[in-house]
Asks: 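First, the structure itself, so that you have it in front of you.
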Amino acid sequence: MNREEKAAAVSERNEAMGTATNAFLIQFRGITVPQVTELRKQIRETNSRYVVVKNTLALIAVKDSPLTKLKDFFKGETAVAFNSTDGVVLAKALTKFAKDVPAVQFKGALLAGQVVPASQIQAIASLPSRDELLSKLLYLMQHPIRGLAVVLNANIRNIAVVIDQVRQQREGTTE
């Protein structure tokens, strides 16, 4: 690459990775082209991106971004999977793929601005996603209110049953 091509590559990487709050650095030695294609597909399904980077250009591109914290991991063959939404969903997709393809090794990660070593990525992938946590929280918030509504409706229902029984008794048709 000449100087202009490198500058364009750095600019492109900076635009893509500069705003990412979640990123996973992966060593991909020994992975085949069909496997990379499948990995890219799975990553796209999580609204994330996957790029293979040249370490020196990547370090220049992420110089003023949160990904600077991962500079020690940019050694050897490096690919970056990143997004700005939900890091747990991306971690789940990557660990599932890494389980099927042992050639994929994690180097490290950045989740919500915090550096995560490769040894903890599996634990993060086992966490529930943001949507699952929100639905559980919503259920817990609605449960007491729903219980109160059921109790209050029970009194009204009981009064209606008693009134209906009185009506039937007056008509002489008790059942």
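The chain is numbered in sequence order, starting from 1.
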Asks: Who pairs with Glu38 by salt bridge (Lys or Arg N to Asp or Glu O under 4.0 Å), at least two apart in sequence or on another chain?
Replies: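 Partners of Glu38 under the salt bridge (Lys or Arg N to Asp or Glu O under 4.0 Å) test: none.
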Asks: So do Val80 and Phe24 actually touch side chain to side chain, heavy atoms under 4.5 Å?
Replies: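 The answer is no, as the side chains (C-beta and beyond) never meet within the 4.5 Å cut-off.
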Asks: Under 4.5 Å between any side-chain heavy atoms of Val101 and Phe28, yes or no?
Replies: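 Sidechains of Phe28 and Val101: no contact.
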Asks: Side chains of Gln169 and Gln165: does their closest heavy-atom pair fall under 4.5 Å?
Replies: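 A side-chain contact under 4.5 Å is absent here.
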Asks: Please give me the minimum heavy-atom distance between Ile124 and Ala91, naming the atom from each residue.
Replies: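 For Ile124 and Ala91, the tightest heavy-atom pair comes out as CG2-CB, 4.1 Å.
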Asks: Between Thr78 and Gly76, is there a donor-acceptor pair closer than 3.5 Å when you use the side chain of the first and the backbone of the second?
Replies: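 Side chain of Thr78 to backbone of Gly76, a donor-acceptor pair under 3.5 Å: yes, one is there.
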Asks: With Asp164, which residues qualify under salt bridge (Lys or Arg N to Asp or Glu O under 4.0 Å), at least two apart?
Replies: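 So Asp164 forms a salt bridge (Lys or Arg N to Asp or Glu O under 4.0 Å) with Arg167.
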Asks: Check step by step if side chain to side chain contact (heavy atoms under 4.5 Å, CB included) holds for Val51 and Phe82.
Replies: CA-CA 9 Å; Val51 292; Phe82 59 94; 3.8 Å; yes
Asks: Can Phe97 and Ile26 be said to form a side chain to side chain contact (heavy atoms under 4.5 Å, CB included), step by step?
Replies: CA-CA 12 Å; Phe97 185 80; Ile26 303 166; over 6 Å; no
Asks: Assess the side chains of Thr32 and Gln35: does a donor N or O sit below 3.5 Å from an acceptor N or O?
Replies: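 Per modelled atom types, Thr32 and Gln35 side chains form a pair under 3.5 Å.
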Asks: At their closest point, which heavy atom of Val88 faces which heavy atom of Leu127, and how far apart are they?
Replies: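 Taking Val88 first and Leu127 second, the nearest heavy atoms are CG1-O, 3.4 Å.
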Asks: Give the intermediate values and the outcome of side chain to side chain contact (heavy atoms under 4.5 Å, CB included) for residues Ile156 and Ile159.
Replies: CA-CA 5 Å; Ile156 295 170; Ile159 290 172; 5.7 Å; no
Asks: Taking the side chain as every heavy atom from C-beta outward, state whether Leu94 and Phe106 have any atom pair closer than 4.5 Å.
Replies: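 Yes, side chains in contact.
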Asks: Whether the side chain of Arg49 engages the backbone of Asn83 through a donor-acceptor N/O pair (distance < 3.5 Å, no angle test) should be reported.
Replies: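 Not at all, since once roles are kept as given, no pair shorter than 3.5 Å links the two residues.
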Asks: Using the side-chain hydrogen bond (donor to acceptor under 3.5 Å, both in side chains) rule, collect all pairs that involve residues 89-106, keeping only residues at least two apart or in two chains.
Replies: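 Of all non-adjacent pairs touching residues 89-106, none passes side-chain hydrogen bond (donor to acceptor under 3.5 Å, both in side chains).
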Asks: Any side-chain heavy atom of Asn22 within less than 4.5 Å of one from Leu110?
Replies: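 They are not in contact (no side-chain heavy atoms under 4.5 Å apart), so the answer is no.
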